[in-house]
Amino acid sequence: MREIPLGATGTCTLRVKPEHLADRFKDAMLPQVLATPVMVLIMENAALAAIRPYLDNGESAVGTAIDIRHLAATPLGHEVRAEAEVVKVEGKRIEFKVSAHDELEEIGRGTHQRMVIDLASFNERLARKSKR
């Protein structure tokens with residue numbers, strides 16, 4: 001892993017489709033709006049995009065913490081754009097400020113942490129755990 005600078009940014013966009021709606025994830029009685037887990041997913045992808053240029057071959061980063069507020073509903077067909085900014089780096093632990101907007105307003109914000117991992121050793125630990 002190369003040094004990750006504070007202020008590094010990444011984005012992720014998503015057009016809201018039926019499979020992204022809250023009524024598909026939880027109660028069918030919910031309105032047809034973007035589900036919170038999907039908003040979190042694009043925020044996490046924006047964070048990964050912010051640090052991907054600094055990762056070495058064989059490295060990735062997994063989510064370790066998230067503190068998000070979902071502020072506004074987004075209906076089917078709208079585009080959502082998530083943004084992430086690196087605000088703290090402690091060794092392999094990276095902290096981000098994240099937000100999401102649709103075409104009209106901010107729909108979510110919060111913080112997110114990721115840990116840089118070596119994929120080979122991570123997969124070895126996972127294989128050992130799977131055998132238990």
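Small disclaimer: the values here were computed from a predicted structure and weren't measured. Quick note: numbers below take in every heavy atom, side chains included, and nothing from hydrogens, waters or symmetry partners.
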| Side-chain heavy atoms of L14 within contact of L34, under 4.5 Å |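 The answer is yes, as the side chains (C-beta and beyond) meet within the 4.5 Å cut-off.
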| With a 4.5 Å limit on heavy-atom distance, are the side chains of L76 and P18 in contact? |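 Yes; the side chains approach each other to less than 4.5 Å.
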What distance do [X] atom [atom1] and [Y] atom [atom2] have between them, rounded to the nearest 0.5 Å?
X	Y	atom1	atom2	answer
H112	E44	NE2	CD	4.0 Å
E105	L71	CD	CG	8.5 Å
E83	M43	CD	CE	10.0 Å
S99	M39	OG	CE	10.0 Å
I51	I4	CD1	CD1	5.0 Å
Y54	E3	OH	CD	9.5 Å

So which atom in [X] and which in [Y] form the shortest heavy-atom distance, rounded to 0.1 Å?
X	Y	answer
L104	H78	CD1-CE1, 4.5 Å
A50	G10	CB-N, 3.4 Å
I68	T111	CD1-O, 3.9 Å
S60	L48	OG-CD1, 4.4 Å
A82	A46	O-CB, 3.7 Å

I'd like to know if [Y] and [X] are part of one continuous hydrophobic network [Ile/Leu/Val/Met/Phe/Trp/Tyr, side-chain heavy atoms within less than 4.5 Å].
X	Y	result
I42	V33	no
L55	L6	yes
L41	F96	no
I66	I94	yes
M115	V86	no

| Set of side chain to side chain donor-acceptor pair (under 3.5 Å) partners for E90, sequence neighbours left out |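 E90 satisfies side chain to side chain donor-acceptor pair (under 3.5 Å) with K88 once adjacent residues are dropped.
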| message | Determine whether a donor-acceptor pair (N or O, by modelled atom type, separation under 3.5 Å) exists between the side chain of D56 and the backbone of M1. | response |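 Yes, D56 side chain to M1 backbone: donor-acceptor pair under 3.5 Å.
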| Heavy atoms from other residues, nucleotides or ligands near CZ of R15 exceed 12 (cutoff 6.0 Å) |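 Result for CZ/R15: enclosed.
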| query | Taking only residues two or more places apart in sequence, or in another chain, which ones meet E85 in a salt bridge (charged side-chain N to carboxylate O under 4.0 Å, His left out)? | reply |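 Residues passing salt bridge (charged side-chain N to carboxylate O under 4.0 Å, His left out) with E85: K97.
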